[in-house]
Amino acid sequence: MPDKKERIDIHKYLAEFEDIPGTRVFTAQRARKGYHLNQFAMSLMKDENRQRFLADEKAYLDEWDLTDAAKKAVLARDYNGMIDEGGNIYFLSKLFSTDRKSFQFAAGSMTGMTQEEYAEMMLKGGRSPEGQRSIKGKY
Amino acid sequence: MARVTTGITSSHIPALGAALETGNWNNEYWGPVFEGYQPIKDWIARPENTPDVVVLVYNDHATAFDMNIIPTFAIGCAEKFEPADEGWGPRPVPDVIGHPDLAWHMAQSLILDDFDMCIMNDMKVDHGCTVPLSMIFGEPEAWPCKVIPFPVNVVTYPPPSGRRCFNLGDSIKAAVESFPEDLNVHVWGTGGMSHQLQGPRAGLINKDFDLNFIEQLIDDPETLSKMPHIQYLRESGSEGIELVMWLIMRGALGDKVKDLYRFYHIPASNTALGALILQPEATAGEALEPRSVMSGHSLAA
C-alpha cells in the first residue's frame, strides 16, 4: 500500500479563518445559517420579484423563513448585519443591484467610511495589508 | 488534433461591463484599464491568434448555482448559454455559443482522469464569464469563437486547493490533446487579483503579493500551487481566493511558458486587476511591445 496522502486538519483549517481581521469567511456553518437569507436574495434575479419586493419590502421578507435580525438587516441595508446572519456578498449582490447600487457601494458601506472616503482610499492604492493579515500575529 | 496554444488571465469584475455599457470606458477612471487591454484585443484579432474555442474558467457568483447546488468543478456542455439577469437585467451581450463535442469529450476525459465534473446542459452565465469576453473581444454582434464555460466554486468554503486546480489544468491539456479535430484552444483563467468585498477589511489591495503571484505563476507554478487558502485570504483579501483559478489555466500550458504580455492596474472598483497572455514555450509567438504595462496607482512607489 502506498503512503497515505498528506491531509489537511479541518479544525485547524477552519480555526485559522477566525484570525483574519474584519473578515467572515463563507464556511459551511455560515452557509447553513444564511440559507434562507441567501435564497431570498437569489429570488431578486427575477424582475417580477424585484418589483414586488420594492413595493412592500416587509411583506416580501415575511414570505421567507428569516430571523428577525436578518429581516432588520435587509430593511436597513446593513450588509455587515446580513453577513453576520450568514449572508454572502455574491448572493447579497442581488439586493444591492435591485437598489441600483454597485459592489463598490456595498463594500464601502461595510467599512465605517463614507463612500467618498472609501473611493479615495481605493484610488490611493486600496487598504494596505499591513497589520490586516492576522489578529494574533499583528502583522 | 486540438491543442492548448494560449493561456489568458483576466479580471471579470462587473464594473468593467458597466463601464462599456454606459460609454464610460474611455473616461479618466476607466481609460487606462481599457488601454491596458487594447494590446490583448489587437493580438487576439489577428487570425493566427484567434482561438476556435476558449475554455473559460470562472466562478459563478451565485447565479447558475444558488445554495441548493454547489459543484466544485462544472463544465458547460450545451449548444449555447444566455447571459443571466443578476439583478440589473441581463448584460446586453451576445449569447455564449458552446462546443458540445469538445465539452463532452473533456467531461469524459476529466472524469476518467479522477476529476468528478458536474455536467451542465442548461446554464446561464454571469459576469464572471461574459466580462472577460467583452474585455478581450470588445462589443461584436457575436463572439468570434466557441466558448466552454468552466465554473469553479470559490464562494462556499472550501474551494479546491491550488494544487488540485493546477493538476486539473494538466488534465484539461490532456483532454484537449486527445480530441481529434484540429482546433486552436485557449484556456482562460479569470478573477482576481487582490480584493476584498466584505466586512471592515473591504478594499484590501496587495500589490507585492499580486506581482509575486504573476512571477511565480509564470516561472514556478509548482511551488505556487502549494500555497494554502489561508495565505490567499490573509494576503490578497477574501475574494482574492479567485486566483486559484489562474492555476487551472497555468496547468494547461505545460512546464515552461513564455509571457507575451502582462498588464497590472490599481484600482478597478474594489480590485487590483491583472491580465496576461502566456504560451507554452516550445510553440510561443513573439512577445508584444511593450511586454509589460502597469498603470494607475500600481506605479506608485
Side-chain angles (χ1 to χ4, degrees), chain A residues 8 10 13-14 16-17 19-28 30-31 34-36 38-39 41-42 44-47 50 79-80 83 88-100 102-104 106-113 118 121-129 132-134, chain B residues 13-15 18 29 59-63 65-68 70 84-89 124 126-128 154-158 161 194-209 228-231 233-239 241 266-272 296-298 300:
Chain A
I8 290 172
I10 187 170
Y13 176 88
L14 294 172
E16 281 178 324
F17 295 163
D19 182 48
I20 306 171
T23 304
R24 283 148 294 176
V25 179
F26 195 56
T27 54
R30 290 200 173 89
Y35 178 84
H36 295 288
N38 288 318
Q39 293 300 76
M42 290 301 283
L44 299 177
M45 289 175 72
K46 291 201 173 108
D47 191 50
R50 292 195 285 269
Y79 284 94
N80 276 323
I83 290 176
N88 172 274
I89 190 64
Y90 292 128
F91 289 81
L92 300 176
S93 72
K94 281 59 180 176
L95 177 61
F96 60 74
S97 296
T98 296
D99 289 336
R100 295 311 195 228
S102 67
F103 270 96
Q104 178 155 330
S109 80
M110 287 184 261
T111 60
M113 305 167 93
Y118 183 79
M121 175 184 79
M122 294 315 300
L123 277 175
K124 289 184 173 159
R127 184 184 305 282
S128 164
Q132 296 288 322
R133 298 176 176 96
S134 164
Chain B
I13 59 170
Y29 187 91
N59 60 298
D60 179 85
H61 301 78
T63 302
F65 306 122
D66 62 10
M67 285 314 297
N68 289 324
I70 308 172
D85 181 346
E86 299 172 64
W88 294 85
K124 293 205 167 148
D126 72 10
H127 65 269
V154 294
V155 174
T156 304
Y157 273 70
S161 68
S194 55
H195 66 302
Q196 173 149 339
L197 303 175
Q198 53 118 344
R201 200 174 76 137
L204 186 132
I205 297 282
N206 191 341
K207 175 178 147 185
D208 291 341
F209 174 90
H229 289 156
I230 185 71
Q231 201 171 336
L233 288 161
R234 289 194 201 280
E235 297 288 341
S236 68
S238 52
E239 278 63 46
I241 191 69
I266 298 171
S269 184
N270 300 288
T271 76
H297 200 273
S298 74

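Keep in mind that this is a model prediction, so the values were computed, not measured. In what follows, chains carry the letters A, B, and so on, assigned in the order in which the sequence lines appear, proteins first and then strands, with residues in each chain numbered from 1.
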Given heavy-atom pairs under 4.5 angstrom as the criterion, report whether the side chain, backbone, both or neither of [X] touches chain A.
X: B:Y29; value: side chain
X: B:P14; value: side chain
X: B:S236; value: neither
X: B:D60; value: neither
X: B:I266; value: side chain

What's the spacing between [X] [atom1] and [Y] [atom2] if we round to 0.5 Å?
X: B:M67; Y: A:N88; atom1: CE; atom2: CG; result: 8.0 Å
X: A:I83; Y: B:L197; atom1: CD1; atom2: CG; result: 9.5 Å
X: B:T271; Y: A:Q104; atom1: OG1; atom2: CD; result: 10.0 Å
X: B:I205; Y: A:S128; atom1: CD1; atom2: OG; result: 11.0 Å
X: B:W88; Y: A:S102; atom1: CH2; atom2: OG; result: 7.5 Å

Check your understanding: Given the rule in the side chain to side chain contact (heavy atoms under 4.5 Å, CB included) test, do B:V155 and A:I89 qualify, once you have shown the distances and angles that lead to the verdict?
Key -> CA-CA 9 Å; B:V155 174; A:I89 190 64; over 6 Å; no

**Study point:** Pick from B:I70, B:I241, B:L233 with the largest number of heavy-atom pairs that fall under 4.5 Å of chain A
**Key:** B:L233

Can you give me the closest heavy-atom contact between [X] and [Y], atom names plus distance?
X: B:A202; Y: A:A107; value: CB-O, 3.7 Å
X: B:T156; Y: A:A31; value: CG2-CB, 4.3 Å
X: B:R234; Y: A:S134; value: NH1-CB, 3.4 Å

Considering only heavy atoms and a distance below 4.5 Å, find which of [options] pairs most often with chain B.
options: A:Y90, A:F91, A:Y79; answer: A:Y90
options: A:I8, A:T98, A:D19; answer: A:D19
options: A:L14, A:N80, A:L44; answer: A:N80
options: A:K46, A:K124, A:E16, A:Q39; answer: A:Q39
options: A:K94, A:M113, A:R30; answer: A:K94

Practice item. Tell me, with the steps shown, if A:Y118 and B:N270 meet side chain to side chain donor-acceptor pair (under 3.5 Å). Key: CA-CA 9 Å; A:Y118 183 79; B:N270 300 288; 2.7 Å; yes

Review point. Are the ring centres of A:F17 and B:H229 closer than 6.0 Å?
Key: no

Check your understanding: Got a sec, which residues hit ring pair (Phe, Tyr, Trp, His ring centres under 6.0 Å) with A:F103, two or more places apart in sequence or on another chain?
Key -> A:F96

Check your understanding: Is it true that A:R50 and B:D85 have a side-chain N and a carboxylate O under 4.0 angstrom from each other?
Key -> yes

**Study point:** Side chains of A:Y35 and B:D66, donor plus acceptor under 3.5 Å
**Key:** no

Point to revise | Worked verdict on A:T23 versus B:Q198 for side chain to side chain contact (heavy atoms under 4.5 Å, CB included) | key: CA-CA 7 Å; A:T23 304; B:Q198 53 118 344; 3.6 Å; yes

For [X], which atoms come within 4.5 Å of any heavy atom of chain B: side chain, backbone, both, or neither?
X: A:M42; result: side chain
X: A:M122; result: both
X: A:Q132; result: both

Check your understanding: Under the 3.5 angstrom rule, does the side chain of B:R201 hit a backbone N or O of A:R127 as a donor-acceptor pair?
Key -> no

Exercise for review: Taking the side chain as every heavy atom from C-beta outward, state whether A:I20 and B:Q196 have any pair of such atoms under 4.5 Å apart.
Suggested key: no

